[in-house]
Chemist: 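The structure's right below; bear with me while I get my questions together.
Counting from 1, the numbers follow the sequence of the chain as shown.
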Amino acid sequence: MARSVRDSNSSEGTGVGSTGPAPAIPAGFRRIEQEDAAAIAQRIGYFRQRRFVVAAFHPEAMAIIWKDGIDSGFGTGGWAFYCTHLLPLAVKLQADLTDQGHIGQDVLVLDIQDKHIYAAPRSCAEEFIATTVGLETPHRRCLCARPLEPGETCGACPAYRHVNTQGPEERSASPGGSVN
């Protein structure tokens, strides 16, 4: 099942099959070889037509959260595929992706048009996606895009608190944590 939340102040950007120069992939992106991003996008619940998509696992929701710069949403059917297939491939690249017991610092970036998939630092991936659609870089450290109530901050989110309180030594000891 996939759900979507339209970002309220966004404009159209680079879609699949669009003309114009392709944006340069940032140096911090590590390509996960032999994976077809278009096929993976559908497995994790992304059925839109944007060229670039950022995706991450949300352990409390047991879902893959995705963001393409215009829309954001989640797919509840792809988490097992993520955990058993994509996570081990990314760990081989020393990527620090989120798993069931650890909030990682990296996310997946899918290039639907060229069918490539990358592991990248979350902040770099967020900046890249925002740039491709002509938006400012988000100030939130998560992909959920959950609408906040007046006066509410991300500090109320358990995943956000975990990102901010877990030190590097705890992250490297976690399953799927980065290798130091």
Side-chain angles (χ1 to χ4, degrees), residues 1-7 10-59 61-100 103-135 137-138 142-145 176-179:
M1 165 187 251
R3 293 198 44 165
S4 153
V5 177
R6 168 107 21 212
D7 290 339
S10 60
S11 61
E12 291 301 316
T14 308
V16 175
S18 66
T19 58
I25 301 298
F29 283 37
R30 291 155 286 170
R31 184 166 172 210
I32 299 174
E33 298 291 335
Q34 300 175 352
E35 294 300 319
D36 180 341
I40 288 173
Q42 290 188 354
R43 288 198 75 171
I44 64 171
Y46 181 77
F47 300 101
R48 305 279 190 290
Q49 295 299 312
R50 307 303 309 162
R51 177 173 180 177
F52 295 104
V53 181
V54 175
F57 177 66
H58 191 295
M62 294 299 282
I64 304 297
I65 297 173
W66 54 260
K67 186 184 255 184
D68 64 10
I70 303 300
D71 284 324
S72 62
F74 62 93
T76 57
W79 67 270
F81 173 75
Y82 169 91
C83 290
T84 61
H85 185 75
L86 296 175
L87 187 60
L89 294 173
V91 168
K92 287 181 183 177
L93 298 173
Q94 297 184 346
D96 181 24
L97 295 180
T98 298
D99 62 28
Q100 292 169 318
I103 305 297
Q105 299 298 312
D106 294 332
V107 294
L108 297 174
V109 179
L110 291 79
D111 179 342
I112 308 291
Q113 181 173 310
D114 288 347
K115 300 184 179 183
H116 299 304
I117 185 167
Y118 303 89
R122 182 182 310 271
S123 59
C124 184
E126 289 268 27
E127 183 176 332
F128 176 72
I129 293 292
T131 301
T132 64
V133 296
L135 297 174
T137 303
C142 63
L143 293 179
C144 75
S178 62
V179 177

Chemist: Parallel, tilted or perpendicular, judged at 30° and 60°: which one describes the rings of Trp79 and Phe57?
Modeler: tilted
Chemist: Just how far is it from atom CG of Asp36 to atom CD of Gln34, taken to the nearest 0.5 Å?
Modeler: 12.0 Å
Chemist: Which atom names give the shortest non-hydrogen contact between Thr98 and Gly104, and what distance separates them?
Modeler: OG1-N, 2.9 Å
Chemist: Is there a donor-acceptor pair under 3.5 Å between the side chain of Asp114 and the backbone N or O of His116?
Modeler: no
Chemist: Rounded to the nearest 0.5 Å, what's the gap from CZ on Arg43 to CD1 on Ile64? Could you check?
Modeler: 11.5 Å
Chemist: Write down the atom of Leu97, the atom of Leu108, and the distance for their closest heavy-atom approach.
Modeler: CD1-CD2, 3.8 Å
Chemist: Looking at every non-hydrogen atom in both residues, tell me the closest pair between Gln49 and Tyr46 and how far apart they are.
Modeler: N-OH, 3.9 Å
Chemist: Walk me through it: do Thr131 and Phe52 pass the test side chain to side chain contact (heavy atoms under 4.5 Å, CB included)?
Modeler: CA-CA 11 Å; Thr131 301; Phe52 295 104; over 6 Å; no
Chemist: Using every non-hydrogen atom in the two residues, find where Leu110 and Ala41 come nearest and quote the distance to one decimal.
Modeler: CD2-N, 3.7 Å
Chemist: Side chains of Ile65 and Ser72: closer than 4.5 Å at any heavy-atom pair?
Modeler: no
Chemist: Side chains of Pro26 and Glu127, heavy atoms from C-beta outward: is any pair under 4.5 Å?
Modeler: no
Chemist: I need the minimum non-hydrogen distance between Leu93 and Arg31, along with the two atoms involved.
Modeler: CD1-O, 3.4 Å
Chemist: Distance check, rounded to the nearest 0.5 Å: Tyr82 atom OH versus Ile44 atom CD1?
Modeler: 9.5 Å
Chemist: Can Ile40 and Glu35 be said to form a side chain to side chain contact (heavy atoms under 4.5 Å, CB included), step by step?
Modeler: CA-CA 8 Å; Ile40 288 173; Glu35 294 300 319; 3.5 Å; yes
Chemist: On a heavy-atom basis, which atom in Ala63 and which in Phe74 lie closest, and how many Å separate them?
Modeler: CB-CD1, 4.1 Å
Chemist: Which value, rounded to the nearest 0.5 Å, describes the distance between Arg48 atom CZ and Asp71 atom CG?
Modeler: 5.0 Å
Chemist: For a side chain to side chain contact (heavy atoms under 4.5 Å, CB included) with Val53, tell me which candidate from Ile129, Ile117, Ile112 qualifies.
Modeler: Ile112
Chemist: For the side chain to side chain contact (heavy atoms under 4.5 Å, CB included) test, which of Arg30, Arg122, Gln94 pairs with Asp106?
Modeler: Arg30
